[in-house]
Engineer: 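Please see the structure below; I have some questions.
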Amino acid sequence: MIKALNLTKKYGKLTAVDKISFEVKKSEIFSFLGPNGAGKTTTIRMLATLIGPSSGKILIEGKSPIKNSDYIRSIIGILTETPGMYEKLSAYGNLKYFAGFYNLKQDRIKKNIEKFLKMFDLWDRRDELVATFSKGMKQKLALARALIHEPKILFLDEPTSGLDPESAHMVREFILSLKKEDTTVFLCTHNLSEASSLSDRVCIINKEIIRLASLKELQNYKKTRNVEIVLKGNSNKYIGDLKEIDNIFDISAKGNKISLSLSDPKNTNPKIIRKLVNNGAEIIYFNEIKESLEDIYLELIKSEKSDEKRA
Amino acid sequence: MKNALKIFKKEIKEVIRNKSIWAPILIISVMFSIFLPLALMFAGDISEDVEAMEFISKMFGSSVDAQEAMINFMVKQFIIFLLLIPAMIPSLIAPASIILEKESKTLEPLLATPIKTKELMLGKTMTSIIPAFLISILNFIILTINIDIISYLKFGILPLPNLEWVISAFILSPVISFIITTISLVFSSKTTDIRSAQGIGSAIIIPIYAVIGLQIAGFFLLNIYYLLLGCAILIAICPLLLKLTIKTFDRENILTKWKMK
Ligand SMILES: Nc1ncnc2c1ncn2[C@@H]1O[C@H](COP(=O)(O)OP(=O)(O)OP(=O)(O)O)[C@@H](O)[C@H]1O
Ligand SMILES: [Mg+2]
């Protein structure tokens, strides 16, 4: 659906996006993560045909934006980073104005305005001026605007920023529901738990791609696993025994809990359990702690920074 | 071009609601097309005024009817004054249209729709030029009626409309509106301050005052040839300004080069 090949954007001497290549499949939810200034918004703007790349290639539905920009703009919706509305128009008036620039029938415009205003809980206030709206209401209205022509591809630049937990939850549920309608979603976010709960794949970038993978692949990329074992009674006395096993490091005990890191879990895990049981320990549970996207993200960004320093 | 019309329709409503735009227009209109011609009422018989007679014969030669020449001279003055209106209206509207759009942060969502940047530019240009043209013509007509009534009652002549009037109202005035509109649009892209953007328009109006000043001082007299020459020069720079405006309204240019904060 979206294809980027060696996409590069330079602003004068500054390289904002450096030779990134990726592909987003139809009805996939694809997330862009990266620190401030990583080039996320710049990439969205290039993909949404708002700015041209300095070099590299983009294909949307197999079409090049150079020749088909009108068509591409008609099938994409974008929630921009700082979405604005005409403050002196009503919510309804704003949506009607923007919808007017798409080639839509009047009754479809009407139907969609009603559908999305109702969905985002703004229908009762449709005739009020946007100037009287709260930040979150404006954000929801902007989301409705991005959806008004039922785009095949939706670009969302930090869609839940400024929303209260309930609205944010509603927006996330909505993003997930778009999948059923075959909408492709390209998401930029700083909310890592949001990215991990929504995305099929995440792409961590900092000018260039640092890693592109599914959440599962990211969690498995490291060779070591963190394990937590809870025993009945004090756990301290088993530490010495466990240290004898190969492939175990960073072992510590606190109360009835043992924490350790290990590699080669297929062989190491059974050894640990056998040893503990043989030595009389009663195991309440044995748990592999999955790293959160946040941990992985922070680690990747940190190692990227130290690479940069070395270079 | 349907989209340009949509923009025009929305923005013209905003102009009508914006008192800080139409109030100055109303004041200037009343001043120039109603109060100014009243001055004719007080133009007395000049045949005994030696100084005035000298001035007239210097400017028009001694063979003409001095009284009629004097009236015609004043009318020329009024026409030039009136040219301030097609200049002033775009200098108020065009910057407001751009800078309010910047303040509401609606440019990016707008440019994400299939709208063409030329349609956006045309929409904004129409919002500025159409009211400028209509209000200017209205003022030219009111001025004409006033002058003709007063002159006819006092001196038995109908000085307007004349050829200079036609050229001023239908050629010079829209050309001036277009020039001020484009310059204001381009300048507004580079500033976030509505007053300074509106100021650029007033800066361009200064040459018009210069013409009035020179004429009153007797350096030259507006005639059809000067008028046509002026039109020709102004029309010649229009394509250049149009090109500059189109360049300013490039999508990427708007999003990355316009001053937003
Ligand atoms: N119009 C512009 N002119 C010059 N440099 C720009 C422009 N827009 C963005 N940049 C630069 O490009 C880089 C990437 O910016 P971008 O907005 O894409 O980052 P981002 O990943 O969206 O950051 P954030 O998380 O803060 O939104 C930054 O260094 C920024 O300063
Ligand atoms: Mg950004």
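To find a chain, count down the sequence lines: A is the first, B the second, and so on, and within it residues start at 1. Side-chain atoms are counted along with the backbone in the values below, which use heavy atoms only and exclude waters and symmetry mates.
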Engineer: Report, as yes or no, whether the 6.0 Å neighbourhood of atom CG on A/Asp182 holds more than 12 heavy atoms from other residues, nucleotides or ligands.
Structural biologist: yes

Engineer: Do you know the tightest heavy-atom contact between A/Leu50 and B/Glu108?
Structural biologist: CD1-OE2, 3.7 Å

Engineer: Heavy-atom count around B/Ile34 CD1 within 6.0 Å, excluding the residue itself: above 12?
Structural biologist: yes

Engineer: Using a strict threshold of under 4.0 Å (side-chain N to carboxylate O), is an ion pair present between B/Glu252 and A/Arg45?
Structural biologist: no

Engineer: Please evaluate residues B/Lys116 and A/Asp70 with respect to the criterion side-chain contact (heavy atoms from CB on, under 4.5 Å), reporting the C-alpha separation (whole Å), side-chain torsions for both, the decisive distance (0.1 Å), and the verdict.
Structural biologist: CA-CA 8 Å; B/Lys116 294 199 173 20; A/Asp70 283 350; 2.7 Å; yes

Engineer: So for atom NZ, which belongs to A/Lys179, do other residues, nucleotides or ligands contribute more than 12 heavy atoms lying within a distance under 6.0 Å?
Structural biologist: yes

Engineer: With a 4.5 angstrom heavy-atom cut-off, could you sort out which part of A/Thr49 is near chain B: side chain, backbone, both or neither?
Structural biologist: backbone

Engineer: Does NZ belonging to A/Lys19 count more than 12 external heavy atoms closer than 6.0 Å?
Structural biologist: no

Engineer: Name, in order of residue number, those residues of residues 1-14 of chain A that have a heavy atom at a distance of less than 4.5 Å from a heavy atom in chain B; otherwise write 'none'.
Structural biologist: A/Lys9, A/Tyr11

Engineer: How about B/Lys190: does its NZ atom have over 12 heavy atoms from other parts shown lying under 6.0 Å from it?
Structural biologist: yes

Engineer: May I ask you to test the A/Arg145-B/Pro109 pair for a side-chain heavy-atom distance under 4.5 Å?
Structural biologist: yes

Engineer: Is there a donor-acceptor pair closer than 3.5 Å between any side-chain N or O of B/Lys10 and the backbone N or O of A/Tyr97?
Structural biologist: no

Engineer: Between B/Glu101 and A/Tyr86, is a side chain to side chain donor-acceptor pair (under 3.5 Å) present by the stated rule, with each step listed?
Structural biologist: CA-CA 8 Å; B/Glu101 192 90 54; A/Tyr86 296 107; 2.3 Å; yes

Engineer: Which one, A/Arg73, A/Glu81, A/Glu87, leads in non-hydrogen pairs under 4.5 Å with chain B?
Structural biologist: A/Arg73

Engineer: Take atom NZ of B/Lys259 as the centre, draw a 6.0 Å sphere, and report whether it contains more than 12 heavy atoms from other residues, nucleotides or ligands.
Structural biologist: yes

Engineer: What part of A/Ile78 is in contact with chain B, defined as an atom under 4.5 angstrom from a non-hydrogen atom: side chain, backbone, both or neither?
Structural biologist: side chain

Engineer: Residues in salt bridge (charged side-chain N to carboxylate O under 4.0 Å, His left out) with A/Lys118, at least two apart?
Structural biologist: A/Glu114

Engineer: Could you state the interatomic distance from NZ (B/Lys105) to NZ (A/Lys138), rounded to the nearest 0.5 Å?
Structural biologist: 9.0 Å

Engineer: Working to the nearest 0.5 angstrom, can you tell me the gap between B/Thr113 OG1 and A/Ile76 CD1?
Structural biologist: 10.0 Å

Engineer: Top residue by heavy-atom pair count (under 4.5 Å) with chain B, among A/Gly100, A/Ser74, A/Gly93?
Structural biologist: A/Gly100

Engineer: Taking every heavy-atom pair that is under 4.5 Å apart, which of B/Leu100, B/Ile115, B/Leu110, B/Leu107 has the most such pairs with chain A?
Structural biologist: B/Leu110

Engineer: Do the side chains of B/Leu120 and A/Phe101 get nearer than 4.5 Å, heavy atoms only?
Structural biologist: no

Engineer: At a heavy-atom separation under 4.5 Å, does A/Leu89 approach chain B through its side chain, its backbone, both, or neither?
Structural biologist: side chain

